[in-house]
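This chain uses plain numbering: 1 for the first residue, then up along the sequence.
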Amino acid sequence: MSAIASEAPRRSWRPPAAVLGVLAILAVWELSARALAGAYLLAGPSDVTAYLWQNAGLMGRALRATLAEAAAGFVIGNAAAILLAALALLWPRAERGIAALALLVFCLPLVATGPILRVLFGPGPGPQITLAALAVYYTTLVPLLVGLRAAPSTWFDLVHSYGRGRLAELWHIRAMAALPYLFAGLQIAAPAAFLGAMVGEFTGAERGMGVLTIRAMRALDVEATWALAAVAALVSMAAYGAFGWLARRVLTEAPPVILAAPGGAVTPRRGEGLARIAVVTVLALALWWGLLEAFGVNAFFAKRPDDVWAFLLTAPDAGENRATLFGALAETAVYVLPGYLAGLALGAGLAVLLTLLPALAGAAMPVAIALRSVPIVTTAPPIVLVLGRGATGTVALVAVMVFFPTLIACLHGLRQAPGQVLDVFDAYASGRWRRLVHAQVPAMWPAFFAAARIAVPAAVLAVTVVEWLATGRGVGALMALSASLSDYGMLWSAVVVVAVLSCALYAVVAAVEARVLAIYAAEQGR
């Protein structure tokens with residue numbers, strides 16, 4: 001037996017591609033830091049390791065505080081997403097209204113809502129947990145709604161043949177079909193929760209990673225800044241990997257074959273769209289006014305709808321207020337669309353490339369996860385200093401924010417091509433390109449457009465954060481200045497205008513989505 005074993009070919013151990021990718025990142029990082037030594041822009045892995053060793057206790061306490069806040073917001077936000085999705089499916093007439101209100105809340109800029117929440121909650125973890133929940137619930141809700149429809153119509157016919165209703169349909173069919181999309185949403189939400197908690201800590205928290213980040217940036221402590229960024233990235237990457245591992249254990253069945261006849265784009269009846277907008281607007285205004293009145297919040301801090309109306313339209317200085325706000329908004333809008341489109345193109349393009357060349361995934365994915373996992377609040381100032389305060393630096397950061405959710409969603413969507421369909425291509429000896437174009441890309445469209453819709457507020461968030469922390473221009477800088485000067489009329493007006501702009505861009509993407517999915521994924525109209 002030993003002779004046979006000795007004659008067997010020895011297999012040399014080769015490190016997995018992911019390990020090689022991580023090592024390559026560390027090597028490039030270290031070399032770049034040494035090349036920029038003395039410029040106070042970049043600290044290498046050796047500097048970061050030394051800082052963490054010397055300040056392990058301080059970093060550990062801050063990390064525990066931020067993790068607790070991010071975890072609480074993550075659970076609350078995702079629970080809200082699941083409940084809203086279930087309500088929308090059980091009560092179809094209310095789905096569009098629920099989705100519109102959820103979108104409006106998600107489009108509120110964190111840069112401005114953080115100071116407002118601090119005023120409403122006072123000291124404590126309330127703003128951090130709330131911002132973490134707001135940062136994640138919509139990133140789970142959108143793919144979840146897509147997944148709840150990703151099931152063959154024959155399955156619903158079977159449930160109906162037994163006389164069962166919508167609740168049985170939701171539990172036995174839609175929930176199972178939505179699991180892959182739910183896990184994709186959770187993977188995207190994990191870094192977002194950490195970012196939301198850190199932004200909340202920026203508004204006046206007593207402890208946490210965000211507090212240390214503010215101190216490090218004010219002191220120009222490069223080692224501390226990059227150590228905080230590295231820890232945040234590692235935590236986010238660990239959460240991403242954990243949900244990926246759980247998904248592989250739970251999702252053991254192949255995607256089903258969904259046959260649905262193309263139905264053309266759904267065209268609403270004349271006046272139906274305007275009526276829906278009017279209803280959602282009235283509900284949003286009622287909730288805004290009603291919640292502030294119910295909690296008795298001082299009107300000096302918490303402006304009501306009539307206060308914003310007067311600030312922008314009827315006050316003696318309304319013209320000056322509008323000029324200031326819309327001038328800043330114009331500076332911001334210039335960077336949103338290029339960064340948004342660049343992020344979508346990079347994310348979808350890399351997903352397609354990794355599908356054609358799977359061997360690259362192990363090396364490319366650690367880089368992609370690291371780019372998204374490092375909170376933008378820590379990387380914005382150094383990147384803007386390297387790339388400049390103009391279009392290049394701002395567009396690059398917006399593209400990074402949009403890139404990762406698009407990549408994860410598209411990779412997930414490409415895997416939803418049914419195995420039976422791919423077997424047909426294999427039977428005819430079709431190459432990878434034909435399989436990609438005719439089977440995998442059509443299966444990817446629902447996930448791609450879900451990511452494109454989520455990315456609209458993410459792009460606006462990225463621009464406003466960069467303006468707040470680095471460039472000092474645009475509506476992000478205006479909101480930060482208004483909060484510091486207690487100019488709550490300008491702050492609340494900026495929140496409303498930015499939210500409306502985000503919703504308008506979202507509506508454009510949704511209109512394109514409706515036309516494309518009517519051809520390639522007609523089941524999404526069920």
Hey, are the side chains of [X] and [Y] touching, using non-hydrogen atoms and a 4.5 Å cut-off?
X: Phe448; Y: Val441; value: no
X: Val336; Y: Val398; value: no
X: Val475; Y: Glu331; value: no
X: Leu186; Y: Phe74; value: yes
X: Tyr137; Y: Leu134; value: yes

Using every non-hydrogen atom in the two residues, find where [X] and [Y] come nearest and quote the distance to one decimal.
X: Ala135; Y: Gly196; result: CB-CA, 4.3 Å
X: Val402; Y: Ala459; result: CG2-CB, 4.0 Å
X: Ala443; Y: Pro446; result: O-CD, 3.5 Å
X: Val456; Y: Tyr506; result: CG1-N, 3.9 Å
X: Leu228; Y: Met209; result: O-CE, 3.6 Å
X: Ala132; Y: Ala197; result: CB-N, 4.0 Å

**Message:** Looking at Tyr340 and Val460, would you say the former's side chain and the latter's main chain have a donor-acceptor pair under 3.5 Å?
**Reply:**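 Flag not set: sc Tyr340 to bb Val460 has no pair under 3.5 Å.
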Calculate, to the nearest 0.5 Å, the distance between atoms [atom1] and [atom2] belonging to [X] and [Y] respectively.
X: Thr332; Y: Met479; atom1: OG1; atom2: CE; answer: 7.5 Å
X: Gln187; Y: Thr139; atom1: CD; atom2: OG1; answer: 11.5 Å
X: Leu350; Y: Leu411; atom1: CG; atom2: CG; answer: 7.0 Å
X: Arg453; Y: Leu141; atom1: CZ; atom2: CG; answer: 9.0 Å
X: Met444; Y: Phe449; atom1: CE; atom2: CZ; answer: 8.5 Å
X: Leu436; Y: Leu353; atom1: CG; atom2: CG; answer: 10.5 Å

**Request:** Determine, step by step, whether Leu83 and Leu87 satisfy the side-chain contact (heavy atoms from CB on, under 4.5 Å) criterion, reporting the C-alpha distance in whole Å, the side-chain angles of both residues, the deciding distance to 0.1 Å, and the verdict.
**Result:** CA-CA 6 Å; Leu83 289 175; Leu87 180 61; over 6 Å; no
**Contact list for residues 343-355, test salt bridge (charged side-chain N to carboxylate O under 4.0 Å, His left out), sequence neighbours left out** = none
**Request:** Could you name each residue pair satisfying salt bridge (charged side-chain N to carboxylate O under 4.0 Å, His left out) that touches residues 234-244, not counting sequence neighbours?
**Result:**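 Output for this query is empty, none listed.
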**Prompt:** Do Glu201 and Thr66 have side-chain N/O donor and acceptor atoms under 3.5 Å apart?
**Reply:** yes
